[in-house]
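Both ligands and their constituent atoms are indexed starting at 1 by order of listing.
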Amino acid sequence: MKAVCFDDVVDRKGSGSAKWDDAARLFGSEDVLPMWVADMDFPSPPAVLEALAARVQHGIFGYPSPHSYAYDAVADWLDKRLDWKADPGWMVSTPGVVTAITLAVQTFTKPGDKIIIQPPVYPPFFSCVLNNNRTLIENPLIHQAGEYRMDFDDLANKARDAKMLILCSPHNPVGRVWSRPELTTLAKICADNGVLIVSDEIHGDLVYAGYRHIPVASLESAIPNQAVTFIAPSKTFNTAGLYTSVAIIPDNNLRREFAKTAQLLGIGKNNVFGITALEAAYRYGAPWLDRLLPYLADNAQYLTRYIADNIPAIKVDKPQGTFLAWLDCRDLGLAPAALAKFFVQKAKVGLNDGLTFGKQGSGFMRLNFGCPRPVLTEGLHRIRQAVSSQL
Ligand SMILES: Cc1ncc(COP(=O)(O)O)c(C=O)c1O
């Protein structure tokens with residue numbers, strides 16, 4: 001198998017990729033450089049590719065049994081990487097984290113119940129609540145002293161009559177890796193008010209030097225029936241199209257109820273390739289990830305430096321984790337529709353419109369830097385040129 005080089009550009013056009021093959025239709029232009037949906041432009045680790053090839057070679061693709069071979073690998077990974085002793089018996093198969101969030105909303109709340117989210121945040125957090133006729137309560141993040149923080153006074157007020165909080169940890173799109181004191185305060189407010197924490201930790205392995213992802217359920221103060229956690233190898237190892245994630249629910253009653261909803265809907269199973277990739281990634285993927293992380297951290301450093309030096313009309317905090325950058329473009333002075341148009345038509349880059357992350361995202365755009373440096377450089381040059389011709 002070829003040695004991994006993250007600088008290599010792999011042509012994804014024509015591979016049936018949403019990011020590349022839907023870009024022309026979505027952005028209305030053939031020549032945009034896609035830097036939007038959150039998958040990376042890198043092949044998955046060789047260990048994952050080899051395991052998938054071996055699975056194909058075996059030739060029989062009957063129903064998988066993740067508990068018999070894969071969830072020990074998940075538990076070992078969480079223990080070694082995050083110091084969280086999660087029992088494989090707490091794990092429930094889910095076909096993606098967004099599906100898991102919807103299942104949690106349907107299982108643990110009733111129509112009309114109040115559910116808190118912390119915008120700007122990953123768009124499905126809004127739709128999972130609203131599409132299920134629950135009441136959306138916003139506890140917006142605040143930008144203070146150069147970084148986004150949680151507004152705990154507002155949270156304490158809103159938690160009083162809420163049933164659930166959907167936490168994004170680390171946070172998409174603002175790139176914060178929540179600290180132990182922050183998570184402890186959040187968990188205390190939720191515990192005091194009987195609010196269940198649904199913790200989306202899909203970006204939990206993508207954290208840069210100097211920061212540490214702490215699973216909220218691993219906090220010493222956490223009580224087992226206070227949190228359900230969703231993890232997946234999909235962002236970390238670039239296997240999002242395999243739709244395989246794991247719900248980790250220590251409390252027996254909550255786990256049974258959650259699994260029952262999945263069963264009622266006929267979605268409590270996983271795809272054999274998804275489970276094969278998950279096992280290989282968690283068992284053998286660490287050396288690859290330990291090379292990817294400094295590469296992404298260098299991309300983050302390059303991007304923030306480049307923008308500060310060359311495009312002062314755009315502001316960006318250096319991401320602490322994730323491969324996503326949250327660009328504050330308000331100084332360009334464009335209305336939201338004009339801003340989105342500017343990036344597509346003038347800069348010819350396909351980014352996510354900040355407004356889809358909530359009204360707090362007005363004037364912002366999200367850029368995915370999970371790509372080879374030459375691609376990132378090209379995207380940044382395009383933005384720089386467009387901004388200098390604009391001003
Ligand atoms: C915070 C967050 N949760 C969930 C997802 C998607 O998860 P899945 O594809 O497993 O539904 C993403 C993808 O970008 C994400 O950023």
Problem - Residues in contact with ligand 1, criterion: heavy atom under 4.0 Å - result: Ala38, Gly96, Val97, Val98, Tyr122, Cys168, Asn172, Asp200, Ile202, His203, Lys235, Tyr243
Handout entry: Inter- and intrachain pairs under side-chain hydrogen bond (donor to acceptor under 3.5 Å, both in side chains), touching residues 210-232, at least two apart
Key = Glu201-His213
Fill in the blank from the handout: Residue pairs passing the ring pair (Phe, Tyr, Trp, His ring centres under 6.0 Å) test with at least one member in residues 151-185, sequence neighbours excluded, are His171-Trp178
Practice task
For Ala51, check side chain to side chain contact (heavy atoms under 4.5 Å, CB included) against everything at least two apart and list the hits.
Solution key: Thr276, Ala280
Practice task
Check whether any side-chain heavy atom of Trp77 lies under 4.5 Å from a side-chain heavy atom of Leu82, and answer yes or no.
Solution key: no
Exercise for the section: Answer whether the closest heavy-atom distance between the side chains of Leu183 and Leu167 falls below 4.5 Å. Expected result: yes
Problem - Check ion pair Lys158-Glu138 (N to O, under 4.0 angstrom) - result: no
